[in-house]
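These notes are about the structure you will find just below.
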Amino acid sequence: MAGPGQRDLILRLPVVGLRVFWTPIVLSLGMLVIVLAVWASGDTVLALAVTAALIRAVMVIGLYIFIGNSGVLAFGHATFMMVGAYGVAWLTLRPFNKSFALQLPEFLAAHQYPMLPSAIAAALLAAIVAFVVGIPIMRLSGIAAAIATLAVLGMFKTFYSNWSEWTLGAATMPGIPIYVDMWIALAWVVVALFAAYIYQRSKYGLALRASREDEFAARAAGINIPRQRLVAFVLSAFFMGIGGVLEAHYLGTIAVKNFWLTITFILLAMLIVGGQRSLTGALVGVVVISTLIEILNSLEAGMNVGIAVLSVPIGAQELTIAGLMIIILVFRPDGIMGGREVPWPFGKVGRIVRDPGAVEAEHDPLRRGVAQRDGAP
Amino acid sequence: MMDRLARRLIPARPGAASLALAGTPEDTLEAFDVTVHFEGLAAVDGVSISMRNGEVFGLIGPNGAGKTTLVNAMTGFQRPTRGRVVLGGEDVTGLSAHELGRRGLARTFQAVRLFRDMPVIENLEAAAVGTGLGRREAARRASRILAWMRFAHRADDWADTLPYGDERRVGIGRALAMAPRFVLLDEPAAGLSDAECDELMGLIAEIPHVFGCGVLLIEHNMRVIMGACHRIHVIESGRTVAEGSPEEIQVNPDVLRAYLGTKSADARG
Amino acid sequence: MTGLVQNAIDALALGSLYALTALGIGLIFGVMRLINFAHGDLIMIGGYALIVPSSAAAAVAFIGAWPAPAMVAAIVFIVMLFALACERLAFRPLRRANPSVLLITSFALSFFLEHLVVMIYGGRVKAVSIWPELLEVLPISGVRIPYLQIVTIGVTIGLLVLLVLFLKRTPMGIQMRAASEDFSTARLLGVRANRVIAVAFAISGLLAAVVSLLYVSQVGALTYSMGIPLVLFAFVATVVGGMGSLTGAVLGGFVVGIASVVLQVALPVAMRPDRDVFVYGLILLILLMRPSGLVKVKSIEEKV
Amino acid sequence: MLGRFAALVALGALVAAPLAHQQQAKADDHEVVIGFAIAFSGWMNQYDGPPYQGSLMAIEEFNEQGGILGKQIRAVTSDTKTDTVQGAKAGADVVAQGAQFMVVSCDYDMGAPAATVANSNNMISISSCASDAKMGVQGIGPYAFTLNTYGQGEGAGMAKYAYVDRGWRKAFLLLDASIEYDKSICHGFLEQWKDYGGEVIGVDSYMQEDASIASQITRYKELAAERGEPEFLYLCSYGAGAVSAIRQIRAAGIDVPIGGGDSMDGDYWSEAVPGLSDHYASSFGSIWGDDPRPEVNEFFDRYRAKYGEPETSFPLNGYSVIQAIKVAAERAGSLDSDAVLAEMNKFDKEPLLWGPTTYTADTHIDLTHVLTIIQIQDGKGSYAGQGGAENPPALQLIFPDFTEDLYEN
């Protein structure tokens, strides 16, 4: 490549970057717009609802990193939320609260650690747990893998609900400092979006997606499927851990029973309604279902639409959500996004030329060259 | 000249030297006395083959003769009941498929098995990445191979939108993206038109030179087999019937009886 | 010794409940690769059908007060009806969808049915007593065996025999087995998908109704989520037994049931609350050693 | 296409949603707003509904008498949907609706998120029947109260009734280890029972969702044969798990008196065990007109006229919650949270409808409360006696880890 070509490349770099990261950029901006709108409205209750939805988004993105890329259904990811949530509680509860109920080792019992490092440490703990349980489980495929993760969840849930010294057993652990608002949740959504996207574009993500499409072909291509799944599983667990951490610092209370089947189903439903095979789908699922829930909640409470107060009977929200989910799936079995990301709308602008030589090569007398050599003995 | 071209097409891989991938002329792939039993029945029974780098080696036989089973046994998809598979002097029997892939054994499938929900280029990239390449190197290798196949214009198309013939082409491209020492092609011409077959034949004939590897070709289409292969191995009911040059095979009475006799319709040259 | 016999009967009875539930799930999985989580809610509906729909705290038996044959017939009919309605409204339009979409649909359906029941009946425990005399104890010296356990084990064996006869001897049963093996080929051979699947759902409804009656007569209490633990263990049981194999489902049901009882008895008292750690651990171990379950099914495994 | 459309619709809806929420009223100076962040749907509604009715009765009655400090009481509500995340939102919702006091769910686990919201708004929250001391200073925070005694106290009260009033000496404990409440009442019972010198012939456990407790019954029989028939079986469980256990125990021919916590209040569930007799439970008062306190009987007469037959004694607590706010606010002469809090902290045997109530600056749960014991004979409920913890424990002792010593027998 000569000088002018390089200059050209430098000029094009921002555009290429925009195109490469188009999906997470657009999705982040979308979330930002929502948060800004709610922030401007000054509605504190809605802000709480949006925060909860953004936390769910972090969890669903975490779930997507594994399920979306590997195509293996997993029922056990609530484990990592729970590990993250309790992990961060041990680190960030005030020693006063810890002294009453928990019997923690000195370094935890006597200190309250700063929030961000604690959050990361707790999520890393979740990732470590995922690594350890993942080593044997990632060898399994299909439904056996899904059930194996469910068994892990069953084990951890039972264990945590009897581990009184550290978890207060099945009782709710109160008093966790509350600091997570819309902006902090949004920040983590953006981090999760970029991390998930960078992973999915990386060689690890590529290899895993190949194995999702065809296990045999992927193995033939030298892809070590269990190892690739493990990479995704651990990264996925990290963000599930962050989800649990955020929930703990949002509610101020955590309880083992909240990391069981209900949340598992809700997160899976969001992912699959949105479309499990794309990051965009994962986020769209969260937005659509959360929005529906909010609208129906308002309707149950009686929603004033100017001329009349609309209302539906209490309990109708759950029925409607379930019904709508079935209807969406009937019409879009691949989810709302059908496995596609946000499309790049500017045509060939910023097209990533993978190998400038290759384009030339296509017009090159390359094959003729080969043929000639063949001709010459 | 040829080496230079090969190097241009296949950029040196990091660590390629230590893995000794692609390109040593004395490289061999051998199967000794390979036998595969399915519930007591021998699908492959004591077959031995030996091929070397730079060679297009044909494996033919009627339907159900055990060709694919033999390929499965050689590529780690089926553990042989007996016998050994040796790659470049190293006994690789019983290694898993992905380990063999990393050691330079690539294959295609009868059912093609593309990564359907991925673009064409990523199909190739995934295979390149599977052999340990970084993303950037993989992309470069993939686009060069597509260019060589005259398929670069469809690099960004989704694999599940391709017509059948192109699917097979991408399948071969994917195997080659592993920069293999040996590539095992399982009926690449099945279902292709005559024109497509001719083009395919050309591609296959070039593979050993361009990629510096050996080719094991399973095919029903005699025209492709006879046109592309240097040596041909015939099996029937899991057993070796004959081996030799295309000319020898064409006149071998055992082959005619075993193969042409049962599958004359398919076997027209 | 008597303790041993006692525990063996307890384990068999619990295993029978799991096995019947697992069978209902396994049957549907066989014909349409659907893991029907809503199966547990069919069991729950069978229970609630016994009482007058009302949110009052004190439950009033309605069908539950009928004479046994009429009660059994009515509950079986109602649960079958629900099973068929689920198939027609939710699963039939999704027949070509991939298994995870089907699974999520069944979650949604389960969620729907549970909240429907909460809306109609309220969330409080409902008491209903059917066949209290079944809980009386068989007078054999030393061993304490309620009639209900004998009935549970007997009904399970009876239903298994009937089901095997149905699958092996009747044209519909043979079609169903063909469909389990390979649905697209079966269709080419003239198997009518809609009918086969509908019949499978009807049978799974029948099994759910039977489990419902046996379970309710044991516990005497209804909650909207009562089907979940049953279906969860049955779900695990079908996988441990071998997805797609009915024998496997039954075997898996007994394995899970027996494991629960054995661990409950064998663990030191202080560790008993952690029993499920070991039950799930055992399941994990079985899966790791035999990823395709105790009974391997050819048609489930993919060929190169 | 549909995908993008749906996403747009969703986005639009989210942006539009604030408009729908804009009708947030603020309390004016002539009223007292009490926010109920409780379950109006889901299973918790069955526990939150009756106290809520009691609260409404109190509000109506007090408003007729001139309200609190001359201001009318207005109730605002938000549904927690029996969900913790929704619970926090409901808490914030009633705050946004101008609530000055908050009533939260009748269960520590379910009420904690809303109470946490109230606490971080420096607003007093009262749960009408959470029996966990963490619904207070040491858990949720200084603004959280609960109108119940603690689980251990409940168990200890039952031990007192069984040992002192009835003279039973041999007990068996069956613990449903699925929630902390069960562990607390079993623990409280055990401590008190041992203090008295009672004998515990065995402890066993099961889980709420277990389909069968056959093996536990087998063990009971073995222990009874070994160490003598127990005179009392304390069953620490709740809901369907408890009902199912009682049915199976009675069916196995075990006629021993069975005790339970306030989760077994009422007799609506006895249908599950035909002809059930000798079941005892903790309660806030008898709903059958035979309570020794005439005001309780009179309250339930009014309740009956308004809402029909009561299911449990929980409406008493709902009434008492509003009473507590009224008493404290009028003593403080202000609705200011901190002023009211100071007065509530001074409650000493304060005569509320459910019984004398004591709070201190660091105990926001009544450790001394004497509960009523009710019994079921032949399927019918009636008043049986009283049971309270003899000596309220030091605060730290409410929180110890007690799982281990529970099983040491």
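A note on names: the letters A, B, ... follow the listed sequences, proteins ahead of strands, and every chain is numbered from 1.
For the atom pair CD1 of A:Ile143 and CZ of C:Phe29, the computed distance is 6.5 Å after rounding to the nearest 0.5 Å. C:Glu114 CD to A:Glu318 CD: the interatomic distance, rounded to the nearest 0.5 Å, is 11.0 Å. For the atom pair CG (A:Asn162) and CZ (C:Arg272), the distance works out to 13.5 Å, reported to the nearest 0.5 Å.
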**CA sep, side-chain torsions, deciding dist, call: C:Leu284, A:Met155, side chain to side chain contact (heavy atoms under 4.5 Å, CB included)** = CA-CA 10 Å; C:Leu284 201 56; A:Met155 289 173 77; 4.2 Å; yes
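Counting heavy-atom pairs closer than 4.5 Å to chain A, the top-ranked of the candidates C:Ile283, C:Ile228, C:Leu232, C:Val279 is C:Leu232. In terms of heavy-atom pairs under 4.5 Å with chain A, the best-connected choice from C:Thr105, C:Leu288, C:Asp276 is C:Leu288.
For A:Val330 against C:Pro93, the heavy-atom pair with the smallest separation is CG1-CB, 3.6 Å. The two residues A:Ala322 and C:Phe111 come nearest to each other via the heavy atoms CB-CD2, 3.9 Å. Taking both residues in full, the closest heavy atoms of A:Pro333 and C:Ala97 are given as CB-CB, 3.9 Å, listed atom of the first, atom of the second, then distance. A:Ile326 and C:Ala108 make their closest contact through CG1-CB, 3.8 Å (heavy atoms, listed as atom of the first residue, atom of the second, distance).
Residue C:Leu282: no heavy atom, backbone or side chain, is found under 4.5 Å from chain A. The parts of A:Leu329 that come within reach of chain C are both its backbone and its side chain, each placing non-hydrogen atoms under 4.5 angstrom from that chain. Looking at A:Leu140, the atoms closer than 4.5 Å to chain C (heavy atoms on both sides) all sit in the side chain, from C-beta outward. Only the side chain of C:Leu94 comes within contact range of chain A, judged by heavy atoms closer than 4.5 Å. If you measure heavy-atom distances from C:Ile35 to chain A, the contacts under 4.5 Å come from the side chain alone. The parts of C:Val101 that come within reach of chain A are both its backbone and its side chain, each placing non-hydrogen atoms under 4.5 angstrom from that chain. For chain C, no part of A:Glu215 is nearby; none of its heavy atoms comes within less than 4.5 Å. With a threshold of 4.5 angstrom between heavy atoms, A:Leu268 approaches chain C through its backbone and through its side chain. For C:Phe37, the part lying under 4.5 angstrom from a heavy atom of chain A is the side chain only. Both the backbone and the side chain of A:Ile137 come within contact range of chain C, judged by heavy atoms closer than 4.5 Å.
Two residues are said to be in side-chain contact when any heavy atoms from C-beta on lie closer than 4.5 Å; C:Phe235 and A:Phe75 meet this criterion. At least one side-chain heavy atom of A:Met325 sits under 4.5 Å from a side-chain heavy atom of C:Ile104. The shortest side-chain heavy-atom distance between C:Ser100 and A:Gln276 falls under the 4.5 Å cut-off.
The aromatic rings of A:Phe265 and C:Phe107 sit parallel, their planes meeting at an angle under 30°, below the 60° perpendicular limit.
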